Amino acid sequence: MIQELQYLIGILVAVALGSAIGFERKLRVKEAGLRTHTIVCVGAALMMVVSKYGFGGMTADAARIAAQIVSGVGFLGAGIIMFRGQKMHGVTTAAGIWATAGVGMAAGAGMYVVATGATLILIVIQCIFHINCRLFRTKHYYQLNICFRNMTDENVRVKQIFGVPHFNSLTIERRDEGTVFHAAINTDQEFSSQILNEIMEKNPYILSIERCDDM
């Protein structure tokens with residue numbers, strides 16, 4: 001009875017640590033929050049306790065069920081990852097759930113210092129990487145479809161205007177008034193409609209510019 005209460009301590013530690021990780025995720029309004037991380041952490045701790053002590057005590061191979069926890073939570077995380085438009089969402093949340101399962105396994109194995117330290121590291125990492133700093137900021141790329149007349153070196157000037165080394169795609173069209181290029185570029189600079197209008201006014205050889213924001 002006393003020994004089983006000691007096992008229960010590991011599960012209670014998993015409740016506290018999983019809740020701490022989930023609370024940080026809840027504050028950022030992520031797909032998986034407080035309940036999901038707590039349940040994953042507790043479930044991993046419970047399976048670790050059963051794996052380590054429920055099948056013959058110290059003589060059992062505790063690594064068997066532990067290995068299944070890692071792969072099983074991987075499938076759970078894969079269900080969170082999805083595509084919206086051309087962007088992938090949920091990768092960080094899925095990785096967080098996978099790491100939370102590791103915290104639960106450590107708590108279930110009685111490695112309370114390791115589990116607590118890993119929890120603090122996970123929360124600190126999330127807080128640091130969410131700081132509004134240029135170093136951690138994700139770049140957003142925009143596609144511009146540019147139509148322009150090319151008489152001499154206008155293609156070079158277009159690259160210089162938008163600060164790109166090359167075109168992602170280029171189609172050349174022969175017209176009565178000359179050669180027209182249809183070029184596509186990717187850039188991390190956000191050009192407003194006003195700036196694009198000014199560029200066209202200053203460079204009359206540019207016939208049209210279309211901006212696609214979903215990259």
Side-chain angles (χ1 to χ4, degrees), residues 21-34 36-37 71 73-100 121-215:
I21 298 172
F23 185 71
E24 187 274 336
R25 297 281 80 196
K26 179 183 177 181
L27 291 178
R28 303 191 186 280
V29 198
K30 298 300 180 180
E31 293 86 350
L34 182 62
T36 303
H37 284 81
S71 58
V73 175
F75 280 105
L76 177 63
I80 298 174
I81 301 173
M82 63 183 69
F83 280 96
R84 294 174 188 166
Q86 295 182 352
K87 296 182 180 178
M88 184 180 293
H89 295 264
V91 177
T92 303
T93 301
I97 289 178
W98 189 71
T100 301
I121 291 172
L122 287 172
I123 294 175
V124 169
I125 287 174
Q126 291 285 9
C127 292
I128 290 176
F129 287 169
H130 279 86
I131 295 175
N132 189 18
C133 174
R134 185 176 181 182
L135 180 64
F136 305 131
R137 196 177 302 153
T138 302
K139 284 188 176 182
H140 295 280
Y141 287 90
Y142 306 90
Q143 179 174 303
L144 297 177
N145 298 320
I146 308 165
C147 177
F148 61 94
R149 293 190 184 93
N150 190 68
M151 305 301 292
T152 54
D153 62 345
E154 284 80 3
N155 59 332
V156 177
R157 280 187 274 172
V158 168
K159 296 175 188 176
Q160 292 174 346
I161 290 171
F162 294 98
V164 295
H166 58 81
F167 297 127
N168 285 61
S169 64
L170 181 64
T171 303
I172 301 175
E173 181 183 358
R174 301 289 183 180
R175 294 183 182 178
D176 294 337
E177 63 272 22
T179 305
V180 176
F181 281 15
H182 298 272
I185 64 171
N186 290 340
T187 176
D188 59 351
Q189 300 181 46
E190 185 175 2
F191 293 91
S192 65
S193 57
Q194 181 180 354
I195 294 176
L196 293 178
N197 286 331
E198 291 176 357
I199 291 175
M200 292 181 64
E201 289 177 2
K202 294 178 181 178
N203 303 276
Y205 57 88
I206 297 179
L207 304 177
S208 67
I209 303 175
E210 179 185 5
R211 191 180 80 172
C212 303
D213 293 345
D214 292 328
M215 283 290 297

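Note that the coordinates shown come from a computational prediction; the quantities given were computed from them, not determined experimentally. One is the number of the first residue; the rest follow in order along the sequence.
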Minimum heavy-atom distance between M200 and I206, given as atom pair plus value = CE-O, 3.9 Å
ask   = Can you check side-chain contact (heavy atoms from CB on, under 4.5 Å) on L207 and F148, steps first, answer last?
value = CA-CA 5 Å; L207 304 177; F148 61 94; 5.6 Å; no
key: Atom pair CG/NE2 of N168 and H166 - distance to nearest 0.5 Å   = 6.0 Å
inquiry  = Going by ring-ring contact (aromatic ring centres under 6.0 Å, His included), name the residues that satisfy it together with F167, two or more places apart in sequence or in a different chain.
reply    = none
query = Step by step, would you call T179 with R174 a side-chain hydrogen bond (donor to acceptor under 3.5 Å, both in side chains)?
reply = CA-CA 5 Å; T179 305; R174 301 289 183 180; 2.8 Å; yes
task = Report yes if some heavy atom in the side chain of E24 is under 4.5 Å from a heavy atom in the side chain of L122; otherwise report no.
result = no
Would you mind writing out the side-chain donor-acceptor pairs for residues 191-199 within the sub-3.5 Å range, not counting sequence neighbours?
unit_1	atom_1	unit_2	atom_2	d
S192	OG	I195	N	3.3
N197	ND2	S193	O	3.2

Would you give me the side-chain donor-acceptor pairs under 3.5 Å for residues 155-164, sequence neighbours excluded?
unit_1	atom_1	unit_2	atom_2	d
R157	NH2	E154	OE2	3.2

ask   = What is the minimum heavy-atom distance between P204 and R149, and which atoms define it?
value = O-NH1, 4.2 Å
remark   = Heavy atoms of H182 and C147 approach each other most closely as CE1-SG, 3.5 Å
remark   = Shortest non-hydrogen pair, N186 vs Q143, comes out as OD1-CB, 3.7 Å
key: Rounded distance [0.5 Å steps], OG1 in T36 versus CD1 in I21   = 12.5 Å
message = I need the L34 CG to L27 CG distance, nearest 0.5 Å.
response = 9.5 Å
